[in-house]
Amino acid sequence: GEDVEQSLFLSVREGDSSVINCTYTDSSSTYLYWYKQEPGAGLQLLTYIFSNMDMKQDQRLTVLLNKKDKHLSLRIADTQTGDSAIYFCAESMGNNFNKFYFGSGTKLNVKP
Amino acid sequence: NAGVTQTPKFQVLKTGQSMTLQCAQDMNHEYMSWYRQDPGMGLRLIHYSVGAGITDQGEVPNGYNVSRSTTEDFPLRLLSAAPSQTSVYFCASRSSYNEQFFGPGTRLTVL
């Protein structure tokens, strides 16, 4: 499968910004996703970006894509304790949108 | 809309037993899939289906069977459970806009 890599842990203080990073295996016409998983729950789609975009903003969330470095980041502004969860980066390939490849997840801990 | 539903939420099996994990969606999505989630490994695709009557293998298909007789349902069968299949299983369906929606998961333990 394709390699999607993330750091395992991130700890921030409430009110600070969080930046979660991901590297991926490039391909043409790729979608890149960010999912959030709270304890005992399934994955919730937060946002996604097409590979011909550099940035996407949605309220407190900003996704940045650096195609040259194959690097994707998710910035959460004004991080709240409710943002504590595991965040997964995922990729679907242009030659087969039916296959998604997930990173191992970054556990975000928000301290009050 | 209930979205993607899965049953059971928890299951304990003995080695060699068989069972079926149920998955249903009410969003009329053609594409459905099964993943397993293991600690530190993210989600890995087991099988997927692009419509009724059509299924294909993902990354880790061995030990699992699927069928897709209707658009709504996509059951996952374990014919002879093994301890290596202890995991959390997620079913998902994907919209035509490539947004994937996940069920709440089934936590399976094989003794």
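Throughout, protein chains are lettered first and strands after them, A, B, ... in sequence-line order, and every chain is numbered starting at 1. This is a predicted model, so every value here is computed, not measured.
At a threshold of 4.0 Å, the pair D38(B)-R36(B) counts as salt-bridged, since one of the basic side-chain nitrogens sits closer than that to a carboxylate oxygen.
In the hydrophobic clustering, F101(B) connects to V4(B), M27(B), either directly or through intervening members, whenever side-chain heavy atoms lie under 4.5 Å apart.
No part of Q44(A) comes within reach of chain B, as not one of its non-hydrogen atoms sits under 4.5 angstrom from that chain. In this structure, chain A has a heavy atom under 4.5 Å from the backbone of Q57(B), while its side chain stays farther away. For a residue to count as touching a neighbouring chain, one of its non-hydrogen atoms must lie under 4.5 Å from one of that chain's; by this rule Q6(B) does not touch chain A.
No side-chain donor from either of S92(A) and R94(B) sits under 3.5 Å from a side-chain acceptor of the other. Defined by atom type and a distance below 3.5 Å, a donor-acceptor pair is missing between the side-chain atoms of T20(B) and R77(B).
Between Y33(A) and F102(A), the ring centre distance reaches or exceeds 6.0 Å.
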Item to complete: Could you walk me through whether Y64(B) and Y89(B) pass side-chain hydrogen bond (donor to acceptor under 3.5 Å, both in side chains), step by step?
Response: CA-CA 12 Å; Y64(B) 307 95; Y89(B) 291 86; 2.7 Å; yes
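Residues T79(A) and E14(A) form no side-chain contact, since every pair of their non-hydrogen atoms from C-beta on lies 4.5 Å or further apart.
Of all residues spanning residues 104-112 of chain A, those with a heavy atom less than 4.5 Å away from chain B's heavy atoms are S104(A), arranged by number.
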